[in-house]
Each structure stands twice: as C-alpha cells, then as structure tokens.
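Hydrogens, waters and symmetry mates play no part in the numbers below; they use all other heavy atoms, side chains included. Note that this is a predicted model, so its numbers are computed, not measured.
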Amino acid sequence: MANAVNTNCVSGEKKSMIANHNVEEMEEDVLYHFALSTKTHDFKAMFGDVEYVCVGGSPKRMKAFAYLLLTELGYPLPAGQTLVNIAKATDRYAMYKVGPVLSISHGMGVPSVSIMLHEVIKLLHHAGCHGNDVEFFRIGTSGGLGLDPGTVVITKKAVNGLMQSEFCLPILGKMVTRPALLDETLAKQLLECSNATEDGFQTVIGDTMCTDDFYEGIVLYEIILKDPDFSRYISQFLGQGRLDGAFCEYTLDDKMVFLNKIHKEGVNNIEMEATCFAAMCHRAGIRAAIVCVTLLNRLEGDQVNTPHEIMDQWQLRPQKLVAHYIKKKLNQSGNGLSG
C-alpha cells in the first residue's frame, strides 16, 4: 500500500487544513468546547508555532504527558510557575502547550474525538498553520489481540467492524464515507524510535479496529453480514463483543469466532477513536499516527484487572515513544533544547 497521505497536500506546498468557506466568512469563530474565540484570543501568537498535536482520552493523562515533555524537550519552567490548562474555562477538554507541542484530551469515543478535532483543526487554521506544518498523534489505551498486556501498538491501518479503512458519517440524512488513512512512513519512524527507548517494552505495527461501543456488538455483526448492501451503512455501530456488560445476547463461542477472525485478518488491538481520527487528519492533509498500549489480551478475557500502579506504568509507554520521536525531530531541525 502506498504511503497514506492526503494527495492534496504536496510537500512544500501550503494547503489549508479546512474545507469550509463559511468559516472564512465568519466575523468571529467561537471554539465553544475549548472556550476560545478568534475575537478574544490571538491564535497566531498563542499557537502559530505548533508543530505537533498529541491527543489522548484522559485529561489527567494528557497533563502528565505535558509534564513529561517539559523534561524530555528541556523546557524548564521558571520558579513558581506551572503548566496552565488553556481550556480551563470549560470542563469539556484539557489543553496544554509545551514549546511547539499541544497536549489535548479528547474524551472517549468517536463523537468526543470528532468535536475536539474539528475545533483544534480550526484553531491551527486561524493560527496560520497548514496541514504539512504539523503532525498529529493519538496516544492511548486499547484491548490487545494475541499480544501480552503492556505491548505498544503503532497502527498501520485503522479499520471499522467490517475490516474497512473507512469512516461513515450520516450528514443531512445521507451516509458519507471517508477514507480512514494514516501515514505509514510516520508509523515506521515511530517504530524505529521505539528501539531507542530505555524501557525496552515490546512495540509492534498492526491494524487497529475502531468500535462505537465498549461492550456489545457481535449480534449486530452477524445480522449485517446477511445483508451486504446494508452493512456498509451501519458498519461503524459495532461493539467489542464483551461478555461482562449489563446486557449480553451472544455466547462465548460467538465472541471467540469474531475475535479470532479479525485477529487472523491482521487486527492487533481494538479501541474507539481510530477511524474518525484517521479520516479527519487525512482529509485535513495532516500526517498522523496512533500509538496505543494494550491493557489486556482480549483472546484471554474481558476484565481489565491489572493493578492500577502497573497500568499507570504501561500508559506511559506510548507517551515516552512519541516524546522521544518529537525530541529527535526537533533536534534534527535545530529547534530542540535538550541533547
């Protein structure tokens, strides 16, 4: 497969990340969920130097990542100062800035990550950034397939419940399908960086399945396979086939048939944002990657019962990998502060 980047964004050519003339005609653009506005904030002064945007589900985790960046990139805080949540006027998302890096929480699932991406892409547009000026990373957690818990998966392909690299979205009563493509070169560069991390944790490249539910979904999967014409329109609305939800209408055998099938077809982990994240970044012409740690092996069970102190250490692994990559790139460009 060819390197998956937006062909409208040629290297060296400045292309807008947004495709909406209405935004250009607005006197004021209010980014409601960040509590930021083009009338009350100077976006170019605040965000004009952004080169990397790192997003993850938890506000606490993304704050921790911002502090990790301070150390890794060598940005010392003056005595008595601390990092400030730029979006502190709202409780929707958290946003921190360390040099040219934004660290932003996106909540859980496609709707939440979609809202965040719309507004951060517009934020960067108003700041004068272009698609080939920035790189996006989703740093998160996932359920693994056939991998030891704690393994880091760099996504090669983001797929929906029918193993298609597509993101389907109903707009004005019609289903719109967009390619959910990530930058394969960026994924390989991240894998190379993983060999240089001090922790020595296992890192692999594989496909990631995105679902719209944490618990159920297999009965729907079986139903839509009987109606191929209908399947593509509801392929996004699939869950993860867990047995431990409040409701369950399928068997352990049903679950294992499904999980073994997608594992055989190349899926290494399952989460709830990948296709949306990939599709929106691709449409904006942004190089993007997804780096998630696995908290369990779904082929062996559904419960996440690892002690929290161990999971906290595992969740640092994608952060350390992406921080190492950013540090390396900044040093190569002469913008890094630490050696």
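Under the rule for a ring pair (Phe, Tyr, Trp, His ring centres under 6.0 Å), His33 has no partner lying at least two apart in sequence or in another chain. Every residue two or more places apart in sequence or in another chain that forms a ring pair (Phe, Tyr, Trp, His ring centres under 6.0 Å) with Phe34 is listed here: Tyr93. Listed by chain and number, the residues in a salt bridge (charged side-chain N to carboxylate O under 4.0 Å, His left out) with Lys122 are Asp29 (sequence neighbours excluded). Applying the side-chain hydrogen bond (donor to acceptor under 3.5 Å, both in side chains) criterion to Tyr32, with sequence neighbours excluded, gives no partner residue. Every residue two or more places apart in sequence or in another chain was checked for a side-chain hydrogen bond (donor to acceptor under 3.5 Å, both in side chains) with Arg317, and none qualifies. Partners of Glu271 under the side-chain hydrogen bond (donor to acceptor under 3.5 Å, both in side chains) rule, at least two apart in sequence or in another chain, are Arg138. Remark: Thr151 pairs with Gln202 by the side-chain hydrogen bond (donor to acceptor under 3.5 Å, both in side chains) rule, at least two apart or across chains. Every residue two or more places apart in sequence or in another chain that forms a ring pair (Phe, Tyr, Trp, His ring centres under 6.0 Å) with Phe137 is listed here: Tyr325.
Residues Met209 and Gln240 fail the side-chain proximity criterion, which asks for heavy atoms closer than 4.5 Å. You'll find the side chain of Leu36 reaches within 4.5 Å of the side chain of Ile86, heavy atoms only. Proximity of Tyr96 to Leu69: side-chain heavy atoms (C-beta onward) are nowhere separated by under 4.5 Å. Side-chain atoms of Asn85 and Pro59, non-hydrogen and from C-beta on, never get closer than 4.5 Å to each other. Between Ile286 and Leu124 there is no side-chain heavy-atom pair separated by less than 4.5 Å. Contact of the Ser194 side chain with the Val152 side chain is not registered, since no non-hydrogen atoms from C-beta on lie closer than 4.5 Å. Between Asp244 and Tyr215, some side-chain heavy-atom pair lies under the 4.5 Å cut-off. For the pair Leu321 and Ile154, the minimum side-chain heavy-atom distance is below 4.5 Å.
Rounded to the nearest 0.5 angstrom, Leu123 CG and Met17 CE are separated by 9.0 Å. Taken from CG in Asn331 to CG in Leu73, the straight-line distance is 8.5 Å, to the nearest 0.5 Å. Between the CZ atom in Arg242 and the CZ atom in Arg298 there is a gap of 4.5 Å [rounded to 0.5 Å]. Taking NZ of Lys255 as the reference point, atom SG of Cys248 lies at 9.5 Å (rounded to 0.5 Å). Taken from OG1 in Thr141 to CE in Met311, the straight-line distance is 9.0 Å, to the nearest 0.5 Å. If you take CG on Asn20 and NE2 on His125, they are separated by 9.0 Å, rounding to the nearest 0.5 Å.
Checking side-chain atoms of Ser142 against main-chain N and O of Val293 turns up a donor-acceptor pair under 3.5 Å. Using modelled atom types, no side-chain atom of Asn268 and backbone atom of Asp207 make a donor-acceptor pair closer than 3.5 Å. A side-chain donor-acceptor contact under 3.5 Å links Ser103 to the backbone of Met62. Between the side chain of Ser114 and the backbone N or O of Pro111 there is no donor-acceptor pair closer than 3.5 Å. Side chain of Ser105 to backbone of Ala94: a donor-acceptor contact under 3.5 angstrom is found. Here the side chain of His126 pairs no donor or acceptor atom with the backbone of Phe43 at under 3.5 angstrom. Remark: the backbone N or O of Ala288 is not paired with any side-chain donor or acceptor of Asp183 at under 3.5 angstrom. The backbone N or O of Ala158 sits nowhere less than 3.5 Å from a side-chain atom of Thr275 that would complete a donor-acceptor pair. When atom types are taken as modelled, the side chain of Ser165 and the backbone of Pro179 share no donor-acceptor pair closer than 3.5 angstrom.
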**Request:** For side-chain contact (heavy atoms from CB on, under 4.5 Å), just list the numbers for Phe277 and Phe136, CA-CA rounded to whole Å, side-chain angles, deciding distance to a tenth of an Å, and then say yes or no.
**Result:** CA-CA 9 Å; Phe277 178 84; Phe136 276 41; 3.9 Å; yes
**Request:** For the pair His118 and Met280, evaluate side-chain contact (heavy atoms from CB on, under 4.5 Å) and give the outcome as yes or no after the intermediate values.
**Result:** CA-CA 8 Å; His118 272 286; Met280 291 187 68; 3.5 Å; yes
**Request:** Any chance you could lay out the side-chain contact (heavy atoms from CB on, under 4.5 Å) test for Ile326 and Glu135, step after step, and finish with the verdict?
**Result:** CA-CA 10 Å; Ile326 293 173; Glu135 294 177 346; over 6 Å; no
**Asked** For Ile205 and Glu184, what are the C-alpha separation, side-chain angles and deciding distance, and is it a side-chain contact (heavy atoms from CB on, under 4.5 Å)?
**Response** CA-CA 10 Å; Ile205 288 183; Glu184 291 187 15; over 6 Å; no
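In plain terms, the two heavy atoms of Val134 and Cys129 that are nearest each other are CG1-CB, 4.5 Å. Between Ala323 and Glu72, the shortest heavy-atom distance links the atoms CB-CG, 4.1 Å. Counting all heavy atoms, side chain and backbone alike, Leu296 lies closest to Gly301 at CD1-O, 3.5 Å. For Glu273 against Cys210, the heavy-atom pair with the smallest separation is N-SG, 3.6 Å. Contact detail for Cys292 and Asn269: the closest heavy-atom pair is CB-ND2, 3.9 Å. When every heavy atom of Met26 is checked against every heavy atom of Asn22, the shortest pair comes out as CG-O, 3.0 Å.
At a threshold of 4.0 Å, the pair Lys261-Glu265 counts as salt-bridged, since one of the basic side-chain nitrogens sits closer than that to a carboxylate oxygen.
Remark: the Thr177 side chain and the Glu166 side chain contain no N/O donor-acceptor pair separated by less than 3.5 Å. Side chain to side chain, Tyr67 and Thr82 meet the donor-acceptor criterion of an N or O pair below 3.5 Å.
Val23 is not connected to Val30 by any chain of hydrophobic side-chain contacts under 4.5 Å among Ile, Leu, Val, Met, Phe, Trp and Tyr, and they are in different clusters. Under the 4.5 Å side-chain heavy-atom criterion for Ile, Leu, Val, Met, Phe, Trp and Tyr, Met163 and Val257 are members of distinct hydrophobic clusters. Tracing side-chain contacts under 4.5 Å through hydrophobic residues (I, L, V, M, F, W, Y), one never reaches Phe247 starting from Leu252; they form parts of separate clusters. A continuous path of Ile, Leu, Val, Met, Phe, Trp and Tyr side chains, each step under 4.5 Å between heavy atoms, connects Ile139 with Leu83, placing both in one hydrophobic cluster. Under a hydrophobic-cluster definition in which Ile, Leu, Val, Met, Phe, Trp and Tyr are linked whenever side-chain heavy atoms come within less than 4.5 Å, directly or via other members, Val101 and Val84 are assigned to different clusters.
The number of heavy atoms from other shown groups lying within 6.0 Å of CD (Glu309) is above 12.
Listed by first and then second residue, the salt bridge (Lys or Arg N to Asp or Glu O under 4.0 Å) pairs that reach into residues 108-118 come to none, sequence neighbours excluded.
With side-chain heavy atoms closer than 4.5 Å counting as contact, directly or through intermediates, the hydrophobic cluster containing Val153 also holds Leu147, Val204. Using a 4.5 Å cut-off between side-chain heavy atoms of Ile, Leu, Val, Met, Phe, Trp and Tyr, Leu316 forms no hydrophobic cluster with any other residue.
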Scan the side chains in residues 46-53 for donor-acceptor partners under 3.5 Å anywhere in the protein, sequence neighbours excluded, and list what turns up.
{"unit_1": "Asp49", "atom_1": "OD1", "unit_2": "Lys97", "atom_2": "NZ", "d": "2.9"}
{"unit_1": "Asp49", "atom_1": "OD2", "unit_2": "Lys97", "atom_2": "NZ", "d": "3.2"}

